[in-house]
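Scroll down for the structure; my scribbles are underneath it.
All ligand and atom numbering here is 1-based and tracks the order in the structure. Bear in mind that the values here come from a model prediction, so they are computed numbers and not experimental data.
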Amino acid sequence: MNVLVINCGSSSLKFQLINSDTEAVLAKGLCERIGIDGKLTYQPEGGEKTTEDKAMPTHTEAIQFVIDALTDNERGVVASLDEIGAVGHRVVHGGEKFATSTIITEEVFKAIEECNDLAPLHNPANLIGIEACQKLMPGTPMVAVFDTAFHQTMPDKAFMYGLPYEYYEKYKVRRYGFHGTSHSFVSKRTAEIIGKSYEDTKTVVCHLGNGASICAVLNGKSVDTSMGLTPLEGLVMGTRSGDIDPAILEFIAKKEDMDITALMNMLNKKSGVQGVSGLSSDFRDLTAGAEAGNKRAQIAIDVFAYRVAKYVGSYAAAMNGVDAIAFTAGIGENVCLVREKVCEYLGYLGIKLDKEANATRGEEIEISTVDSKVKVYVVPTNEELAIARETVALV
Ligand code: ADP
């Protein structure tokens, strides 16, 4: 079956058409600047990547252009819409309502809508994408795959904040976690690589991208993860602060005369390695800067790696041991220096890094030595493929 995977943001929409039998990507692309002017990037398998300006006042036009490209006589990859068996939608927040992926019915749509205030920037955009697809492909089954669902197995000791219980009861203020599709995909693959049953493996997955989170996967279930009610908690990220002393908010607010909106903007967009380095949120710039002697770039990389190592250590404690650690996403797959720095802290777990293997970028590889007590891997994530698999399993 061919599955169209859609990842819809407020002004952009990423798509892939995946053949679920061969798991080949038949075509992929991106609609950008939706609601502004509109740009479609499209690439069929083995073909040339094209970019064209297309008027996209709403997501409906954007999806229509995607369908037109996929079914086009020359550059298309299917003869008609009938050859698309299902659509898998990435949905950011499923709250406590969704512990698994689900077929989208009217009821499910409403339940996702009810999670909007937990992810006001993401969920409404995801729903717009679903609506647009439903309009243009009314007979095709649609599936929602949630970033939060994998973490619904966390026990209450991991998901409760030390706040008045009434906020959990009234507003569902608790830790949810994100990147669940990636953590699930990578932890499964890690168990396969080490040749152990998924249900009998302790893995720590380090999803280190611009947004970054860590997950403790015990016997196939997420038991803790570093992001919380929102993706702001946990690691120091590209531009997000991660964990801080909450009292800093009042302190900075008074000193800088900032209101809550300005503070949240600072924590989400001006902090992280960008804020510390004052140079960039991108690790390519940071590593180049650090090599050239930029002190703040060096500090930013150290702060990032130290926080990762502390979380890995705490999750080894939470699971009473760890069999394997997997690095994934843009930084996890490509930045050898970060992996090396993290593993240096983890010598007490019996981890020994194979420096030569660690010099590899962007491919699946074991980076620990044969005598390392805990195995360490780079496992490229593939959220689109994971969404396609979930979608096929449900339809
Ligand atoms: P997201 O999906 O959260 O936007 P990604 O997983 O794409 O993030 O990761 C983006 C980050 O990964 C970039 O900011 C950059 O720091 C890092 N990155 C990606 N590719 C490379 C590379 N080849 N070398 C070094 N860093 C890279």
Side-chain angles (χ1 to χ4, degrees), residues 5-16 28 30 32 41 90-93 119 121-122 125-126 145 147-148 177-186 189 205-215 225-227 230-242 268-292 294 296-305 307-308 326-342 358-365 367 378-387:
V5 176
I6 300 275
N7 182 353
C8 194
S10 56
S11 69
S12 71
L13 182 156
K14 286 188 215 148
F15 64 93
Q16 281 193 9
K28 62 181 176 184
L30 170 69
E32 292 168 282
T41 303
R90 175 191 181 210
V91 179
V92 167
H93 218 306
L121 294 179
H122 294 103
N126 301 152
V145 180
D147 277 18
T148 50
F178 298 86
H179 294 137
T181 313
S182 176
H183 288 303
S184 163
F185 179 89
V186 171
R189 180 66 199 140
V205 179
C206 306
H207 178 111
L208 310 179
N210 204 19
S213 72
I214 303 207
C215 183
T225 190
S226 57
M227 283 178 168
T230 75
L232 186 54
E233 190 180 339
L235 300 176
V236 177
M237 308 181 211
T239 61
R240 294 183 206 138
S241 65
N268 275 301
K269 307 226 167 103
K270 297 181 180 163
S271 301
V273 289
Q274 162 80 60
V276 175
S277 70
L279 178 69
S280 172
S281 62
D282 193 302
F283 268 72
R284 284 164 282 214
D285 303 330
L286 291 174
T287 45
E291 265 169 40
N294 182 321
R296 275 171 63 185
Q298 290 166 0
I299 296 172
I301 296 170
D302 284 342
V303 167
F304 181 89
R307 181 75 57 89
V308 172
F327 286 96
T328 195
I331 299 161
E333 292 167 28
N334 293 297
V335 188
C336 326
L337 178 67
V338 165
R339 298 192 300 248
E340 185 179 330
K341 281 183 184 280
V342 172
N358 188 46
T360 314
R361 285 167 188 269
E363 60 183 79
E364 187 177 291
I365 187 166
I367 57 170
V378 174
V379 180
T381 192
N382 191 336
E383 286 166 290
E384 291 78 13
L385 178 58
I387 292 174

side-chain contact (heavy atoms from CB on, under 4.5 Å) with [X]: which residues, sequence neighbours excluded?
{"X": "T239", "answer": "Q274, S281"}
{"X": "V303", "answer": "V236, I299"}
{"X": "A290", "answer": "A297, Q298, I301"}

Which N/O atoms of ligand 1 sit under 3.5 Å from a protein N/O, and at what distances?
unit_1	atom_1	unit_2	atom_2	d
ligand 1	3 (O)	N210	N	3.3
ligand 1	3 (O)	G211	N	3.2
ligand 1	6 (O)	G330	N	2.9
ligand 1	8 (O)	N210	N	3.0
ligand 1	12 (O)	I331	N	3.4
ligand 1	16 (O)	D282	OD1	3.4
ligand 1	16 (O)	F283	N	2.6
ligand 1	20 (N)	N334	ND2	3.3
ligand 1	24 (N)	R361	NH1	3.4

Discussion item. For R189, is there an ion pair with E364 - N to carboxylate O distance below 4.0 angstrom?
Written reply: yes

Item to complete: Side-chain contact test, heavy atoms from C-beta onward, threshold under 4.5 Å: evaluate it for T148 versus V92 and give yes or no.
Response: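 T148 does not reach V92 side chain to side chain.
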
Discussion item. Quick check on side-chain contact (heavy atoms from CB on, under 4.5 Å): which of N294, V335, V273 does L286 satisfy it with?
Written reply: V273

